Structures are given as C-alpha cells and as structure tokens.
Amino acid sequence: MSLQLYNTMSGKKEPFEPYEPGHVRMYTCGPTVYDYIHLGNARAFVVPDVIKRYLQWRGYKVTHVQNITDIEDKIIAKAAEEGVPFQVIVDRYTEAYLEDIERLGCQTPTVMPKASEHIPGIIDMIERLIERGHAYAVGANVYFAVESHSDYGALSGQSLDALVAGARVEVDEEKRHPADFALWKAAKPGEPAWDSPWGPGRPGWHIECSVMSTHYLGQPFDIHTGGADLVFPHHENEIAQSEAATGKKFVRYWVHNGYINVDGEKMAKSAGNFFTVRELFKKYSPQVVRLFLVSKHYRSPIEFNEEVMEATERGYNRLVDAAELLRELVPEEYVGELKEPVADEEASRLVQASQDAVDEFVRGMDDDINTAVALAAIYDLTRQVNAAAHRAQAGASQDMLRALGHALHTLEALTGVLGLELARHAPAAEQPAMELVRGLVQLAVDLRSEARRERRFDTADAIRDRLAELGIILEDTPQGTRWKLSAPDREARND
RNA sequence: GGCGGCAUAGCCAAGUGGUUAAGGCGGAGGUCUGCAAAACCUCUAUCCCCAGUUCGAAUCUGGGUGCCGCCUCCA
C-alpha cells in the first residue's frame with residue numbers, strides 16, 4: 001500500500017504519485033506579514049512540514065516553496081495605523097514569522113519567495129491573461145473574467161451562479177461579473193506602488209501565488225497546501241488564473257487543513273479569539289504546541305483549550321523521559337539500526353516491537369497522513385521500551401542493550417518524521433546558566449543522599465520539596481537519584 | 001438559499017461491515033519505594049436518536065436532533 005492523499009479537487013483519497021518520479025514539488029500559502037502568527041496559522045505550516053518530512057523519510061526528494069506575502073492591503077492598513085513606513089511592518093513580522101516557524105520545528109522551505117520580488121513575473125502573467133481574453137483593464141485596475149474560465153468553481157464545488165446567489169460578493173460597477181477579482185490594483189496616493197502597463201499599482205492577492213508557485217515548481221506541480229478557508233476564493237482563483245494563462249493543469253493534489261477552534265468557534269484574527277504562538281510559548285514549549293497540532297488528523301478541526309494542552313504536555317514529557325532514560329542506559333555505539341540480529345529472547349521481543357511500531361506508523365501515515373494513528377504507534381513502543389529499560393537498569397545483556405539502542409533510534413526516527421525532538425533543552429541563551437544549575441542541583445542531590453543514608457528523612461524530603469518548588473524533580477532509583485527540569489524549554493518560567 | 005464537515009469513555013482522539021472498539025490525559029486498585037516520583041500491570045465506552053439494508057453495522061442507506069465551516073478578509 002502506498003500513500004493515499006485526500007484531494008480537495010476530487011473530494012476523495014487518491015494514491016499519491018509525483019509528476020516526476022522520486023521528486024515531489026509542493027507549494028504552501030505562507031503568511032501575510034502584518035501581525036504575529038497565531039495557532040491556526042501555525043497549523044497551516046506544521047501540516048505541510050509533516051507531509052514533507054514523511055515524503056522525505058519515504059525517500060522522495062521534496063522541493064517546497066512557501067511564499068511570504070509582503071504586499072497586501074492589511075499591511076498598508078497596519079502601517080497607517082502605527083504611522084510607520086510600510087517596510088517597517090513587513091520586516092518586523094517577517095522576522096517574527098521566521099523565528100516562530102523555526103521554533104515550531106518546521107524545516108526551512110526550499111524557497112521562500114516574496115511577492116515584491118516577483119512583480120515582473122506577475123505583470124507578465126496578467127498581460128498573457130489579457131491577450132488570451134481572460135482579463136480586462138478598467139483604468140489602472142485589471143480584473144480576471146471568471147466567465148472566461150469554464151471550470152471556475154470546480155475546487156469549491158460551487159457553480160458560478162451559486163456563488164453569486166450567495167450575494168455577499170461586493171458590488172462593483174467596474175466589474176463585468178460580480179465574481180471577477182482583481183489581478184492588479186491601482187495605487188491610491190501614498191500607497192506602495194510598482195509601475196505597470198496599466199499605471200502604478202500593486203498585484204491582487206491571488207496572482208502572486210500563481211506566479212511564484214509555477215516559477216519555482218513548473219506546471220503542473222504536485223501538492224498545494226493551505227487552510228480550508230483558502231479553498232474559496234483564493235485557491236479557486238489561483239487555478240483559474242494559472243490554467244487560463246497556460247492552458248495547462250495547475251496542481252495535482254489540493255491539501256487543506258482544518259481549523260483550530262476556541263469554544264467551538266473558528267480561531268481567527270477577525271473574531272479576535274486567537275492566541276499567537278509566541279504567547280503560547282510562554283506557557284508551553286514549542287514542542288508541546290507541535291505535538292498538540294499533530295495529535296489529530298489534519299483535516300479535522302481541533303478544539304483548543306488549556307486542559308488539552310496540559311494533557312499534551314504530560315504526554316510529551318513521557319516520550320522525552322523514555323528517550324532520556326535510554327540515553328543514560330545504552331552505550332552510544334549501540335544506538336542506531338541493528339546490525340546483527342539479537343539472540344536473547346526478551347531483546348528480540350523488543351526488536352519486534354520496534355518493527356511493529358514502524359509498520360503501524362507507516363500504515364497510519366500512508367492513510368492520508370493520519371498522525372493520530374502514527375502517534376499511537378509511538379506511544380505503544382514507548383510503553384514497551386520503558387518496561388524493558390526499567391528492568392535493564394538492574395543489569396542487561398549486550399543483546400538487550402543493542403535492542404534498546406535500536407528502539408531509541410526507532411523512537412527518534414518516528415517522532416522526527418512528525419518534527420518532534422525527544423530532548424529537554426533549555427533555550428540557547430540559557431546554556432551557560434544551565435552549567436551552573438547542573439552543578440548546584442548535583443550539590444543538593446548529594447547532600448540529600450547523605451541525609452537519606454543517615455535516615456534523616458525530614459531533611460531529605462525538605463530538600464526534595466524545595467527543589468520541586470524550583471521546578472526540579474527528583475527521582476530515586478536503585479542506581480541513585482536522577483533529576484530533571486519540570487518544564488525545560490518554556491520561553492520564560494515564572495513559577 | 002447553495003456547498004461541505006462533524007457527533008465514539010470524565011476529557012482528547014483512532015477506527016468506516018465481522019477483532020478483546022487503538023492511543024494519550026485523568027480516575028481506581030496493585031508492583032516497586034523510608035515516603036515520594038517515575039515506570040510497569042489490571043480495571044475504567046457498545047459508539048447522538050429512530051427506521052432500514054445485511055447472517056452480521058460505531059462502520060452502509062433514509063429520516064431526525066445538535067454543533068461547526070465556506071459562499072466577504074481569513075490558515
């Protein structure tokens with residue numbers, strides 16, 4: 001069985017085959033840089049990142065383009081509101097966005113083009129559309145004529161008549177058809193503008209994605225992703241423009257992710273019920289946020305609330321704890337793919353468990369990137385690893401250590417495909433401080449161990465309690481006392 | 001009005017014709033421990049309602065009920 005992907009265009013899961021064997025080309029609608037990204041935006045970036053990582057893991061080369069919209073009405077509005085130059089807004093939020101997706105564990109896309117860098121290509125495409133009779137200029141505005149494209153409405157499953165009957169399309173005397181949309185907008189005084197055959201202005205929203213995607217990926221390309229709210233009109237319009245301009249199919253698989261809900265309602269800027277990811281990072285580590293996002297199938301809505309976030313954090317800690325235990329236990333040279341089979345019966349059971357986890361993980365991911373199933377496979381293996389590791393703490397055969405090393409490798413590989421990293425790490429800025437913390441904690445732990453040996457349990461417990469208040473958890477094992485930070489990579493801990 | 005989605009345990013969430021209905025969080029009991037913590041073990045649902053199809057349905061069909069989304073900027 002191979003990867004099945006749900007295609008919004010057909011409304012069905014379809015077997016995935018790239019246009020060019022072995023090489024997947026995908027495009028993701030990136031942010032408009034006028035504000036910090038919120039959790040809903042984050043999902044639209046994490047979902048394609050998971051798809052990309054899975055494809056890579058399955059051996060495909062992936063070229064991934066994710067644009068940055070740096071020309072847009074909302075940016076102009078924000079600049080006016082703050083009374084600062086347009087570019088200040090663009091730079092500030094571009095930088096913040098790059099930082100946010102990196103912390104979320106997203107690989108840097110192969111190319112991150114900006115609309116402002118593709119004006120000539122945009123003008124070319126508009127000219128071609130006018131030549132082919134798909135667009136018309138009215139003064140310095142240019143519109144796409146939706147009636148000229150027979151397939152208009154195919155992606156959203158709506159006929160042109162039905163779309164107009166919805167009657168929320170803005171009335172505009174200039175347009176030949178109410179659903180016609182702007183390819184080029186005339187600049188008003190003071191607005192950022194680029195020269196064009198129709199006068200100074202800026203591109204409409206949809207045209208940049210058509211131009212940039214096909215510029216880097218050709219036409220057709222394989223996968224186009226975005227939030228479900230982009231199906232109409234954004235993606236519908238992208239298709240119309242691109243196919244009208246070239247006569248070729250635009251995109252082979254349309255992938256749309258579901259929303260994040262708050263109190264049952266879609267999280268959105270306009271609704272005001274959103275959480276920026278940087279706010280969330282103060283309370284939860286970026287890894288926990290990412291785990292939360294992949295805990296449900298990408299097309300379903302996810303309800304956001306504190307209770308679920310906390311449950312997610314506990315689950316994440318369990319995964320990390322298991323990995324850390326293995327790292328303590330297994331000599332480094334045993335971590336990795338198993339080179340020779342193990343003879344020991346218990347060890348071979350664990351090897352089998354690792355294989356089962358991989359099989360189940362693949363089964364889930366192949367079924368339209370079912371990350372919930374994939375995660376269940378990871379948790380299953382974690383449980384078995386813990387059981388074996390705790391027994392191994394009291395002494396283990398070489399075979400067992402090799403099997404544990406293999407299991408650790410497996411856990412890291414599978415969580416890695418989801419973009420998760422099983423490690424507690426303090427933010428880089430805190431690294432020097434961590435050295436000091438390690439020393440001080442060890443000092444306290446040593447003093448407490450001495451107290452325990454002398455059966456002065458009041459003192460021992462007091463030390464443990466005080467450390468707990470500081471966010472340091474002690475665990476006594478037969479081999480001595482281990483310690484860990486309770487919430488290691490939250491942005492700031494003020495508890 | 002048009003189009004689409006969802007309803008599974010206290011919470012989150014898989015499962016789309018036949019299995020003991022995955023997994024996580026929480027809860028109860030147990031093992032281990034000076035006590036804890038962690039970990040492991042056991043237990044913790046008959047699938048919104050009704051009517052059909054079928055030898056057999058959470059899974060298919062029809063009808064309800066409830067919730068959500070798109071049709072306007074939106075990830």
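Keep in mind it's a predicted model, so treat the numbers as computed, not measured. A, B, ... follow the sequence lines: proteins, then strands. Residue 1 opens every chain.
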- [ ] Taking salt bridge (charged side-chain N to carboxylate O under 4.0 Å, His left out) as the test, write out the residues that go with A/Arg327, two or more places apart.
- [x] A/Glu324, A/Glu412
Which pairs, protein N/O on one side and nucleotides 44-49 of chain B N/O on the other, fall under 3.5 Å?
none

Task: Between A/Asn273 and A/Glu265: side-chain donor-acceptor atoms closer than 3.5 Å - done: no
Task: Inter- and intrachain pairs under salt bridge (Lys or Arg N to Asp or Glu O under 4.0 Å), touching residues 64-74 of chain A, at least two apart - done: A/Glu72-A/Lys74, A/Asp73-A/Lys185, A/Asp73-A/Arg202
- [ ] Tell me what A/Gly364 touches on the nucleic acid: a base, only sugar-phosphate, or nothing, going by heavy atoms under 4.0 Å.
- [x] nothing
TODO: With a 4.0 Å heavy-atom cut-off, tell me which residues in residues 319-328 of chain A come close to RNA chain B, sorted by residue number.
DONE: none
- [ ] Mind checking ring pair (Phe, Tyr, Trp, His ring centres under 6.0 Å) for A/Phe275 and listing every partner two or more places apart, or none if nothing turns up?
- [x] A/Phe304
Task: Residues A/Arg363 and A/Asp367 bridged, charged N to O under 4.0 Å - done: no
Task: Between B/rA38 (P) and A/Leu485 (CG): distance, integer Å - done: 16 Å
Open item on the list: Can you check the distance between B/rU59 and B/rU19, where both ends of the measurement are the P atom (answer in whole Å)?
Closed with: 13 Å
TODO: Could you check which of B/rA22, B/rA75, B/rC41 has an atom nearest any side-chain atom of A/Ala376?
DONE: B/rA22
Just the atom pairs and distances: protein N or O near nucleotides 26-28 of chain B's N or O, under 3.5 Å.
none

TODO: Sugar-phosphate means primed atoms, P, OP1 and OP2; the rest is base. With that split, encode nucleotides 3-14 of chain B 5' to 3' as B, S or - using protein heavy atoms under 4.0 Å.
DONE: S-------SSSS
Task: Sidechain N-carboxylate O distance under 4.0 Å for A/Asp321, A/Arg318 - done: no
TODO: Measure the shortest side-chain to side-chain distance between A/Glu360 and A/Leu414 over non-hydrogen atoms and say whether it is less than 4.5 angstrom.
DONE: no
Open item on the list: Work out how far the P atom of B/rA58 is from that of B/rA22, and round it to whole angstrom.
Closed with: 14 Å
Task: d(CG, A/Leu160; P, B/rC70) in whole Å - done: 21 Å
Open item on the list: Going by purine N1 to pyrimidine N3 plus the second Watson-Crick contact, or the G-U wobble pair, all under 3.5 Å, which nucleotide sits opposite B/rG17?
Closed with: none
Task: Rounded distance [0.5 Å steps], SG in A/Cys106 versus CD1 in A/Ile101 - done: 5.5 Å
Expected rows: protein N/O vs nucleotides 33-35 of chain B N/O, under 3.5 Å:
{"from": "B/rG34", "atom 1": "N7", "to": "A/Arg452", "atom 2": "NH2", "distance (Å)": "3.4"}
{"from": "B/rG34", "atom 1": "O6", "to": "A/Arg452", "atom 2": "NE", "distance (Å)": "3.1"}
{"from": "B/rG34", "atom 1": "N1", "to": "A/Asp461", "atom 2": "OD1", "distance (Å)": "3.0"}
{"from": "B/rG34", "atom 1": "N2", "to": "A/Asp461", "atom 2": "OD2", "distance (Å)": "2.7"}
{"from": "B/rC35", "atom 1": "O2", "to": "A/Arg464", "atom 2": "NH2", "distance (Å)": "2.6"}
{"from": "B/rC35", "atom 1": "N3", "to": "A/Arg464", "atom 2": "NH1", "distance (Å)": "2.9"}
{"from": "B/rC35", "atom 1": "N3", "to": "A/Arg464", "atom 2": "NH2", "distance (Å)": "3.2"}
{"from": "B/rC35", "atom 1": "N4", "to": "A/Asp476", "atom 2": "OD2", "distance (Å)": "3.0"}

Open item on the list: On RNA chain B, does the nearest nucleotide to A/Lys74 precede the nearest nucleotide to A/Gly315 from the 5' side, or the other way round? Give the residue.
Closed with: A/Gly315
Open item on the list: Looking only at the side chain of A/Ala162 (C-beta and beyond, no hydrogens), which of the listed nucleotides B/rG2, B/rG69, B/rG24 gets closest?
Closed with: B/rG2
- [ ] Provide, to the nearest angstrom, the distance between the NE2 atom belonging to A/His235 and the P atom belonging to B/rC71.
- [x] 13 Å
- [ ] Output all residues satisfying salt bridge (charged side-chain N to carboxylate O under 4.0 Å, His left out) with A/Arg482, sequence neighbours left out; order by chain, then residue number.
- [x] A/Glu328, A/Glu475
Task: Pairing nucleotide - B/rU53, Watson-Crick or G-U, each distance under 3.5 Å - done: none
Task: Separation of atom CG in A/Asp465 from atom P in B/rA37, rounded to whole Å - done: 12 Å
- [ ] Could you tell me how the ring of A/Trp254 sits relative to the ring of A/His235: parallel (under 30°), tilted (30 to 60°) or perpendicular (over 60°)?
- [x] tilted
TODO: State whether A/Asn386 places a side-chain N or O below 4.0 Å from either non-bridging phosphate oxygen (OP1 or OP2) of B/rA39.
DONE: no
Task: Nucleotide of B/rC25, B/rC71, B/rA37 approaching A/Arg318 most closely (side-chain heavy atoms) - done: B/rC25
TODO: Give one of base, sugar-phosphate or nothing for A/Gly226, where a contact means two heavy atoms less than 4.0 Å apart.
DONE: sugar-phosphate
- [ ] Go through the steps for A/Arg103 and A/Asp100 under the test salt bridge (Lys or Arg N to Asp or Glu O under 4.0 Å), then give the verdict.
- [x] CA-CA 5 Å; A/Arg103 296 193 66 191; A/Asp100 287 343; over 6 Å; no
Open item on the list: If we check side chain to side chain donor-acceptor pair (under 3.5 Å) with A/Tyr143, which of these qualifies: A/His177, A/Arg176, A/Glu174?
Closed with: A/Glu174
TODO: May I ask you to say what A/Asn257 touches in the nucleic acid, namely base, sugar-phosphate or nothing, with a heavy-atom cut-off under 4.0 Å?
DONE: base
Task: Pairwise 5' ranking along RNA chain B for A/Pro478 and A/Lys484, keeping only the more 5' one - done: A/Pro478
- [ ] Assign A/Ile37 to base, sugar-phosphate, or nothing according to its heavy-atom contacts below 4.0 angstrom with the strands shown.
- [x] nothing
Task: For A/Tyr34, all residues meeting ring pair (Phe, Tyr, Trp, His ring centres under 6.0 Å), sequence neighbours excluded - done: none
- [ ] Using the C1' atom on both, measure B/rA9 against B/rU46 and round to a whole Å.
- [x] 11 Å
TODO: May I ask you to say what A/Glu265 touches in the nucleic acid, namely base, sugar-phosphate or nothing, with a heavy-atom cut-off under 4.0 Å?
DONE: sugar-phosphate
- [ ] Could you pull out all residues at least two apart from A/Tyr27 that satisfy ring pair (Phe, Tyr, Trp, His ring centres under 6.0 Å)?
- [x] A/His224
Open item on the list: Using 0.5 Å steps for rounding, measure from the NE2 atom of A/His234 to the OG atom of A/Ser210.
Closed with: 7.5 Å
Task: Sequence-distant partners of A/His64, ring pair (Phe, Tyr, Trp, His ring centres under 6.0 Å), two or more places apart - done: none
TODO: Grab the CG-C1' distance between A/Leu329 and B/rA38 for me, whole Å please.
DONE: 14 Å
- [ ] Under a 3.5 Å limit for both distances, which nucleotide forms a Watson-Crick or G-U wobble pair with B/rG1, could you say?
- [x] B/rC71
Task: Strand partner of B/rC40, provided both Watson-Crick or wobble distances fall under 3.5 Å - done: B/rG30
Task: Spacing between A/Lys266 atom NZ and B/rG69 atom P, to the nearest angstrom - done: 8 Å
Open item on the list: Please name the nucleotide paired to B/rG66 by Watson-Crick or G-U wobble geometry with both distances under 3.5 Å, or report none.
Closed with: B/rC6
- [ ] Let me know the distance between CG of A/Leu375 and P of B/rG23, rounded to the nearest Å.
- [x] 13 Å
TODO: Quick one: label A/Phe45 by what it contacts on the DNA or RNA (base, sugar-phosphate, nothing), any heavy atom closer than 4.0 Å.
DONE: nothing
Open item on the list: With no hydrogens and no angle check, just 3.5 Å: does a side-chain donor-acceptor pair link A/Asp356 and A/Gln352?
Closed with: yes
TODO: Find the distance A/Asn261:CG to B/rC67:P and express it as a whole number of Å.
DONE: 14 Å
- [ ] May I ask you to decide if the ring planes of A/His38 and A/Phe274 are parallel, tilted or perpendicular, using 30° and 60° as cut-offs?
- [x] tilted
- [ ] Check whether the side chains of A/Gln355 and A/Asp359 place a donor and an acceptor atom closer than 3.5 Å, and report yes or no.
- [x] yes
